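Please read the structure below before turning to the comments.
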Amino acid sequence: MKFLVKTYGCQMNVRDSEAVVALMKAAGHEQAATEEDAELVLVNSCTVRDMAERKAIGKSGNLASDGKIVGLMGCAVKRLGEDAFRKVKGLSFAVSPRRIGLVPKIVADGVYPRLELDDGDEIPTGLDAHDVSGFKAFVTILVGCDNRCSYCIVPDVRGHEYSRPAAEVLAEARALVARGVKEICFLGQSVLRYGRRTPAWPDADAAWTEPFPRLLAALCEIEGLERVRFTSAHPKGCTDELVRACRRFPQVCRHIHLPVQSGSDRVLAEMGRRYTRAEYLAAVKKLRDFDPEFAVTTDVIVGYPGETEADFEATRSLMEEAQFDNAFVFKYSPRPGTRSAALPDDVPVAEKERRDQVLLADQEARGLKRNQMLVGTVREVFAEGPSPRNAARWSGRDSGNRIVAFPPPPGIRAGDSVSVRIVEAHPQILVGEAV
Ligand code: 5AD
Ligand code: SF4
């Protein structure tokens with residue numbers, strides 16, 4: 001059957017979609033080039049904010065009314081359960097995140113409507129299937145989350161934290177490298193918690209006491225693997241041993257995505273983030289002391305219930321102190337069943353919008369300033385292909401995950417490593433020349 005997967009949400013979903021594509025192809029199905037061409041469309045949904053969920057649900061409804069067989073996957077399925085079929089008229093099946101491995105069987109059975117809901121505790125299936133064509137691959141090392149931040153629906157939809165055994169992760173990484181992958185990004189809701197709730201290693205190790213740095217070290221032993229990334233992180237995991245792994249292995253990229261959410265200690269405590277502003281800043285300092293060019297990016301929420309002007313200004317000043325290289329700002333959206341959904345959503349929409357714009361403008365100026373410090377430096381860039389903004393240039397990423405554009409040297413191919421001298425800085429992009 002000709003199928004297509006449409007993905008909303010974060011990198012976890014991007015990765016899950018890729019696994020489903022691989023499983024479907026292995027079952028003999030063909031990937032359609034366009035939506036029109038597809039008989040079956042799998043919509044991988046996000047539910048982290050109300051808008052995200054609406055998009056996936058709306059799209060699924062449109063596809064079903066166009067006569068497509070529609071399967072809804074992902075986070076919104078776990079939240080909605082049976083309701084998914086009421087919200088999407090003509091929906092054929094719905095599969096929650098930990099059961100995506102069942103998609104080919106559901107399609108083979110062809111019995112609709114069908115709902116597959118995991119219980120939040122089972123070991124996910126389908127995680128190891130890959131459909132990689134390029135030089136980069138994602139490997140999911142940890143699923144679920146037990147942090148229970150007040151605003152976040154992820155623990156409800158992705159279930160309890162589970163770390164995949166290190167042997168399994170490393171075998172998968174080796175197979176990817178054998179297929180030509182040069183860069184692996186470890187994925188998880190909170191990757192630095194790897195091996196904490198469920199064991200990852202069968203034994204102790206003399207060199208590494210913490211399971212995640214140990215996994216990085218083992219990954220870096222793989223011949224031919226040139227870059228290693230991981231996302232997302234929590235400041236509690238920014239330990240000396242993590243820094244030691246970064247120092248010891250140049251393959252470990254100098255970038256961390258470290259969501260801060262707020263700069264106000266009062267709001268952080270209400271959110272249940274389990275760190276203070278000072279502790280967060282100490283984690284950033286630890287990384288920048290090791291390497292001043294260490295790229296730190298973040299997520300911030302504006303308009304959390306009860307967020308005052310003073311709280312907001314605290315977020316603003318924290319962002320300046322942390323000197324983030326990039327930041328994603330989200331307007332608070334109450335999610336049913338979360339602790340904060342019981343609080344009044346009392347920051348007016350227009351005020352959330354204003355705070356959003358202020359932080360974005362700050363970050364634009366800050367991003368430019370940070371990038372200007374890199375003018376004149378030579379950066380190792382893994383070429384990805386023609387730049388989406390200017391086809392005369394190619395672009396790729398440096399170790400800090402910064403986008404670098406440059407005129408392509410003759411004969412360049414995707415995945416090539418290019419040394420680029422930076423000549424121009426913009427808030428979100430560096431421009432240079434191959435040396
Ligand atoms: N409202 C707004 N933003 C949210 N995020 C998570 N839950 C919510 C919510 N209820 C943001 C956080 C997180 C990012 C993925 O989405 O900043 O880091
Ligand atoms: Fe990712 Fe969270 Fe959205 Fe799920 S709900 S796709 S985990 S951002």
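Just so you know, residue 1 is the first one in the sequence shown, and it goes up from there. Whatever order the structure lists them in is the order used to number ligands and atoms, beginning at 1. What you see is a predicted model; the values in this text were computed from it and never measured.
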Side chain, backbone, both or neither: Gln261 near ligand 1, heavy atoms under 4.0 Å:
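Looking at Gln261 and ligand 1, just side chain atoms fall under 4.0 Å.
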Would you give the length of the straight line joining atom OH of Tyr304 to atom OG of Ser264, rounded to the nearest 0.5 angstrom?
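Output value for this atom pair is 11.0 Å.
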Ligand-residue contact atoms, ligand 1 with [X], heavy atoms, under 4.0 Å:
X	answer
Arg49	1 (N), 2 (C), 3 (N), 4 (C), 5 (N), 11 (C), 16 (O)
Arg335	10 (N)
Asp299	13 (C), 14 (C), 15 (C), 17 (O), 18 (O)

Taking the six-membered ring of Tyr8, is the NZ or CZ of Lys6 close enough (under 6.0 Å from the centre) and on axis enough (within 45°)?
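Yes, Lys6 and Tyr8 form such a contact.
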Tell me whether Lys182 forms a cation-pi arrangement with Phe382, defined as NZ or CZ under 6.0 Å from the six-membered ring centre and within 45 degrees of its axis.
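Yes.
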Indicate yes or no: does an N/O atom of Tyr332 lie under 3.5 Å from an N/O atom of ligand 1?
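There is no such contact.
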Do Ser333 and ligand 1 have an N or O pair less than 3.5 Å apart?
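Yes, Ser333 has an N/O under 3.5 Å of an N/O on ligand 1.
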If hydrogens are left out, which of Val260, Val154, Thr298, Ile301 has an atom nearest to atom 4 (C) of ligand 1, that is, the closest non-hydrogen atom?
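Going through Val260, Val154, Thr298, Ile301 one by one, Ile301 has the nearest heavy atom to atom 4 (C) of ligand 1.
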Counting heavy atoms only, name the option from Phe330, Tyr151, Tyr304 that's nearest to atom 3 (N) of ligand 1.
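Result: the heavy atom closest to atom 3 (N) of ligand 1 is in Phe330.
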For the pair Phe93 and Tyr112, name the ring-plane relationship: parallel under 30°, tilted 30 to 60°, perpendicular over 60°.
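Taking Tyr112 first and then Phe93, their aromatic rings lie parallel (interplane angle under 30°).
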Out of Arg277, Arg366, Arg316, Lys285, which one pairs with Glu321 under the salt bridge (Lys or Arg N to Asp or Glu O under 4.0 Å) rule?
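That would be Arg277; it is the only one of Arg277, Arg366, Arg316, Lys285 passing the salt bridge (Lys or Arg N to Asp or Glu O under 4.0 Å) with Glu321.
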Examine distances only and state if a side-chain atom of Thr338 and a backbone atom of Cys152 form a donor-acceptor pair shorter than 3.5 Å.
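Answer holds: no.
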